[in-house]
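Below: one structure, written as structure tokens.
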Amino acid sequence: MKRPIAHLVGVGMYAPPRVMTNDEFATMGLETTDEWIYKRTGITQRHVAGPQETNCSMAAAASRMAMKRAGVAAAEVDVIVLGTASPDRLLPSTAVDLQAELGASKAAAFDVMAACSSFLYGLIVAEGLIVSGNADIILVVGTEMLTSIVDWQDRSTCVLFGDGAGAAVLKRSSNGKGILSSFMRSDGKLAELLYRPSGGAAHPFDAKVLQDRSFYVKMQGREVFKHAVRSMSEAADRALAGAQLRGADIDVMIPHQANVRIIEATARHAGIPMDKVFVNVDRYGNTSSASVPIALEEAISSGRITEGMTVLLVAFGAGFTWASLVIRF
């Protein structure tokens, strides 16, 4: 097992105060019920950003919490890596807006777009920058306003997603704690199973795009489920192998919170009992890149993760992308 070089020294999260329950969808004219949604996804509610909230403002709230807990000032941050599938604008990156908001004047800042895997991709990139000596303190953020890019007339997608942000501060490890192993992979052949067909440079916004609503998220749910289980299982296997551990050695698993059935299937494959798996999809829905850091913050704050524990993070997302890390806290 390698000696850890990068360690998470502070974690934070933010969720908008507006909570939307499953029952509200019926009042919008959608043919769905709380029972239908919960049975298929495990979701009972999700947080929805208000008119004055942005990805940058949510990311800033989560980042300030993480930096305070890490004892790090904004001026000390060397790099900001921000994951999002719903950026505030297409140019420039949300990361530079966050840099300006925080006053992180010396930081390099850039976005990572690996959908729901973005936060884990960001952690892996951050570890590489620390290992190479190019940075000592890195802020990694996942932030999403997915409710701004879902079609509220499409019950197959709009019931799934929520808004929020999570953040972590990484420093060079000197005490045996930190990232023990990591893995990431993608398969672009699966892109059209979960994507936004229009609104980019290939199919820019025009009257037709607005009319056919092709700028919203489109998903083939059955196929996504099948590939999600496969990719999450592979990611868990690879991270455990890299750390020379088995499922029984893991104290807590933090999976991407997309669907409780995917979470259960992944845990079963990895040999990790559900009482060691942290699940909050019921309260947040799928917050994409913010999913894992929000769950990680709640697991730490609630005492589920304590010093000395070994934790498995695992995620999959549109692209398809998938990733995993084993971390000793």
Side-chain angles (χ1 to χ4, degrees), residues 2-15 55-84 94-112 118-143 164-180 182 251-252 254 278 289-311 313 325-329:
K2 74 173 186 179
R3 179 178 63 83
I5 296 175
H7 177 42
L8 278 66
V9 294
V11 178
M13 60 84 69
Y14 174 83
N55 272 306
C56 181
S57 69
M58 294 192 298
S63 297
R64 289 185 177 112
M65 179 185 290
M67 291 189 297
K68 181 178 181 179
R69 289 172 171 173
V72 167
E76 298 177 274
V77 176
D78 298 310
V79 180
I80 297 172
V81 185
L82 185 145
T84 186
T94 304
V96 298
D97 290 336
L98 176 61
Q99 177 199 26
E101 174 66 23
L102 295 176
S105 56
K106 77 168 187 175
F110 57 92
D111 285 1
V112 171
S118 294
F119 182 75
L120 298 196
Y121 269 52
L123 291 180
I124 294 169
V125 169
E127 181 194 24
L129 290 169
I130 291 173
V131 169
S132 68
N134 284 305
D136 293 315
I137 300 175
I138 301 180
L139 175 65
V140 180
V141 184
T143 182
V169 175
L170 277 74
K171 282 186 174 182
R172 189 173 301 277
S173 176
S174 59
N175 56 9
K177 301 176 184 178
I179 297 172
L180 301 179
S182 62
D251 296 301
V252 180
I254 306 286
F278 190 86
S289 67
S291 163
V292 169
I294 287 175
L296 181 61
E297 192 283 330
E298 286 201 330
I300 294 171
S301 294
S302 66
R304 286 285 299 276
I305 295 176
T306 57
E307 187 173 357
M309 284 188 171
T310 303
V311 177
L313 310 182
L325 296 97
V326 173
I327 303 174
R328 178 178 294 125
F329 280 81

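- Residue R172 comes nearest to G133 through the heavy atom pair NH2-CA, 3.9 Å, listed as atom of the first residue, atom of the second, then distance.
- A126 is linked by a side chain to side chain contact (heavy atoms under 4.5 Å, CB included) to I138, V140, L170, counting only residues two or more places apart in sequence or in another chain.
- When each of I254, V252, I179 is tested with I327 by the rule side chain to side chain contact (heavy atoms under 4.5 Å, CB included), just one qualifies, namely I179.
- D78 pairs by the side chain to side chain contact (heavy atoms under 4.5 Å, CB included) definition with K106, A135, D136, I137, not counting sequence neighbours.
- For the residue pair M309 and D251, the shortest heavy atom distance occurs at CA-OD2, 3.3 Å.
- For A61, the side chain to side chain contact (heavy atoms under 4.5 Å, CB included) criterion is met by Y14, not counting sequence neighbours.
- Judged by distance alone, the side chain of N134 and the main-chain N or O of L129 form no donor-acceptor pair under 3.5 Å.
- Here CD1 of I80 is found 5.5 Å from CG of L139. Values are rounded to the nearest 0.5 Å.
- Across every non-hydrogen atom of A66 and A167, the tightest pair is CB-O, 3.8 Å.
- No side-chain heavy atom of F278 sits less than 4.5 Å from a side-chain heavy atom of V311.
- Between L82 and N55, the closest side-chain pair of non-hydrogen atoms is not below 4.5 Å.
- At least one donor-acceptor pair closer than 3.5 Å links the side chain of S289 to the backbone N or O of G83.
- Considering OG of S63 and CE of M13, their distance stands at 13.0 Å, rounded to 0.5 Å.
- For A165, the side chain to side chain contact (heavy atoms under 4.5 Å, CB included) partners at least two apart in sequence or on another chain are M58, A62, T143.
- Nearest heavy-atom pair, N175 versus S173, reported as atom, atom and distance to 0.1 Å: OD1-OG, 3.6 Å.
- Side-chain contact between I300 and F329 is present, with heavy atoms from C-beta onward closer than 4.5 Å.
- Nearest heavy-atom pair across A290 and G164 is CB-O, 3.4 Å.
- In terms of the side chain to side chain donor-acceptor pair (under 3.5 Å) criterion, residue partners of K177 (sequence neighbours excluded) are, by chain and number, E307.
- Inter-residue side-chain proximity for L98 and L102 is flagged as met; some heavy-atom pair is nearer than 4.5 Å.
- With contacts defined as side-chain heavy-atom distances shorter than 4.5 Å, the pair L8/L296 qualifies.
- Taken to the nearest 0.5 Å, the CG atom of L325 stands 4.5 Å off from the CD1 atom of I124.
- A search for side chain to side chain donor-acceptor pair (under 3.5 Å) contacts involving E101 returns R64, not counting sequence neighbours.
- Contact check for T310 versus V326: side-chain heavy atoms found under the 4.5 Å cut-off.
- Under the rule for a side chain to side chain donor-acceptor pair (under 3.5 Å), S302 has no partner lying at least two apart in sequence or in another chain.
- Counting all heavy atoms, side chain and backbone alike, F119 lies closest to G142 at CD1-N, 3.9 Å.
- Legend: residues meeting side chain to side chain donor-acceptor pair (under 3.5 Å) with E297, ordered by chain and number and at least two apart, are R69, S301.
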